[in-house]
Amino acid sequence: MSTHAPQAAQAVTLPTTLDEAVAALTATPAAVPVAGGTDLMAAVNSGQLRPAALVGLGKISEIRGWQYLDGHALLGAGLTHARMGRPDFAALIPALAAAARAAGPPHIRNAGTLGGNIASAAPTGDALPVLAALEATLIVAGPGGARREVPVSHLLAGMDVLRPGELIGYVRVPLLHAPQVFLKATGRTGPGRAVASVALVLDPARRGVRCAVGAIAPMPLRPLEAEQWVAQLIDWDNNRAIVPEALSAFGEYVAAACIPDAAPGEDGTVPPLPPAVLHLRRTVAALARRALGRALS
């Protein structure tokens, strides 16, 4: 922490198109893009970041809406949480709308954007497990009008990073037309940072279940074996029926996959998990169980 007031940026550029923003970042490699600024300004105010220049993205209208495209929704990176939380968007992608409504108090939801949530990649970002469960893809804009697609999970895992001058322009999300659920647990009542979160979506066309657990690791975790196991227990031809015992078992399966037991000691015994970790595992199990139950109800 610094006791000195943060210095103002040397220059601020306000492009009106995505390609203009890319050009500005290319011309000034030290520049930092800013949309809602909910994470960036917190870093500036705490003295952790002192950008030499800013490229404001607020005037780029093309990334502030969405459109339908070949069975997908093409979401602009400038969509705010408040906009995604509205009923018309909730009818499109329910889990993402639920995550947007849970993103924090009104001033955060009004300013924070989908692209910013992805680019900052904070473990507690509410949209991230939803995008991982939906297997969303990013459309990244680069110099010279270039566009390339990157699975959101690859970016969050560091398998593919943004290159100099690149910006997240759009997020392509498949429209599954099936139940989706987002749940999170916080350390206090009301909107707040997640201690753990679970996004769960059904994929009836493939008779599959997709689940992602957020906030407990640097990136969302996909318990793939648990997904495949429970999908085989669902009666897809009979109102997606499942025995109640399978719901509890699924929750435990997800929790154990994401928060495994400690490694055995030299004598072969497995030490117990610390109470805080054990509580977190129980929280994840409860969230996963409830999420699947709601999706199937």
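We're numbering straight along the sequence, starting at 1.
Taking 4.5 Å as the limit, some side-chain heavy atom of Thr13 sits within range of a side-chain heavy atom of Pro15. Side-chain contact between Ile259 and Leu280: present, with at least one pair of heavy atoms (C-beta onward) separated by less than 4.5 Å. Asp261 has its side chain within reach of Leu273: a pair of non-hydrogen atoms, C-beta onward, lies under 4.5 Å apart. The shortest side-chain heavy-atom distance between Val34 and Val55 does not fall under the 4.5 Å cut-off. Pro220 places none of its side-chain heavy atoms less than 4.5 Å from the side chain of Val213. Side chains of Pro164 and Thr26 form no contact here, defined as non-hydrogen atoms less than 4.5 Å apart. Between Thr113 and Leu79 the shortest side-chain heavy-atom distance does not fall below 4.5 Å. Looking at heavy atoms from C-beta onward, Ser197 lies in side-chain contact with Phe182 at the 4.5 angstrom threshold.
One distance of note links CE of Met219 with CE of Met159; it measures 9.0 Å at 0.5 Å rounding. Separating the CG atom in Leu202 from the CD1 atom in Ile234 is a distance of 6.0 Å, to the nearest 0.5 Å. The NE2 atom of His72 sits 7.5 Å away from the CG atom of Leu175 when rounded to the nearest 0.5 Å. The structure places CG of Leu200 at 5.0 Å from SG of Cys211, a figure rounded to the nearest 0.5 Å. Rounding to the nearest 0.5 Å places CZ of Arg163 at 15.5 Å from CG of Leu25. Leu92 CG to Met84 CE: the interatomic distance, rounded to the nearest 0.5 Å, is 11.5 Å.
Identified under the ring pair (Phe, Tyr, Trp, His ring centres under 6.0 Å) test for residues 278-297, with sequence neighbours left out: none. Within the structure, side-chain hydrogen bond (donor to acceptor under 3.5 Å, both in side chains) contacts touching residues 134-159 (residues at least two apart or in different chains) are Asp19-Arg147, Glu135-Arg222, Arg148-Asp160, Arg148-Glu166, Glu149-Arg172.
Closest heavy-atom contact between Ala21 and Leu167: CB-CD1, 3.5 Å. Scanning all heavy atoms of the two residues, the minimum distance from Arg210 to Ala133 falls at CD-O, 2.9 Å. Minimum heavy-atom separation, Ala121 to Leu156: CB-CD2, 4.0 Å. Scanning all heavy atoms of the two residues, the minimum distance from Ala100 to Gly85 falls at CB-N, 4.0 Å. Heavy atoms only, all atoms of each residue included: Ala215 and Val195 are closest at CB-O, 3.7 Å. Among all heavy-atom pairs drawn from Ala99 and Val130, the shortest one is CB-CG2, 3.9 Å.
Residues Glu20 and Thr16 have side chains that bring a donor and an acceptor to within less than 3.5 angstrom of each other. With 3.5 Å as the limit, one finds a donor-acceptor pair spanning the side chains of Thr124 and Arg193.
When hydrophobic clusters are built by joining Ile, Leu, Val, Met, Phe, Trp and Tyr residues whose side-chain heavy atoms come closer than 4.5 Å, directly or via intermediates, Ile60 is not grouped with Leu14. In this structure, Leu247 is a member of the same hydrophobic cluster as Val230, with clusters built from ILVMFWY side-chain heavy atoms closer than 4.5 Å. Criterion: ILVMFWY side-chain heavy atoms under 4.5 Å apart, direct or through other members. Under it, Leu134 and Val181 are not part of a common hydrophobic cluster. Clustering ILVMFWY residues whenever any of their side-chain heavy atoms sit less than 4.5 angstrom apart, transitively, puts Leu287 in the very cluster that holds Ile216. Hydrophobic cluster membership differs between Phe89 and Ile63, with clusters built from Ile, Leu, Val, Met, Phe, Trp and Tyr side chains linked at under 4.5 angstrom.
Other residues, nucleotides and ligands contribute over 12 non-hydrogen atoms within 6.0 Å of the CG atom of Asp88. Residue-environment remark: CD (Glu62) exceeds the threshold of 12 foreign heavy atoms within 6.0 Å.
Between Arg109 and Asp126 no salt bridge is recorded (no basic side-chain N to carboxylate O distance below 4.0 Å). Between Arg207 and Asp237 there is a salt bridge, since a side-chain N of the basic residue sits under 4.0 Å from a carboxylate O of the acidic one.
Taking Arg290 as the reference, nothing meets the salt bridge (Lys or Arg N to Asp or Glu O under 4.0 Å) condition, with sequence neighbours excluded.
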>> Pair Arg240, Asp235 - check salt bridge (charged side-chain N to carboxylate O under 4.0 Å, His left out), show working.
In response: CA-CA 5 Å; Arg240 302 169 189 151; Asp235 188 347; over 6 Å; no
>> Using the rule given for side-chain contact (heavy atoms from CB on, under 4.5 Å), can you reason through Val171 versus Leu114, listing the C-alpha separation, both sets of side-chain angles and the distance that settles it, and then say yes or no?
In response: CA-CA 9 Å; Val171 183; Leu114 177 62; 3.8 Å; yes
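Of the listed residues (Leu75, Val152, Asn117, Leu155), just one forms a side chain to side chain contact (heavy atoms under 4.5 Å, CB included) with Leu131, and that residue is Val152.
A donor-acceptor distance shorter than 3.5 angstrom exists from the side chain of Trp236 to the backbone of Ala231, with no hydrogens or angles considered.
The distance between the ring centers of Tyr170 and Trp66 does not fall below 6.0 angstrom.
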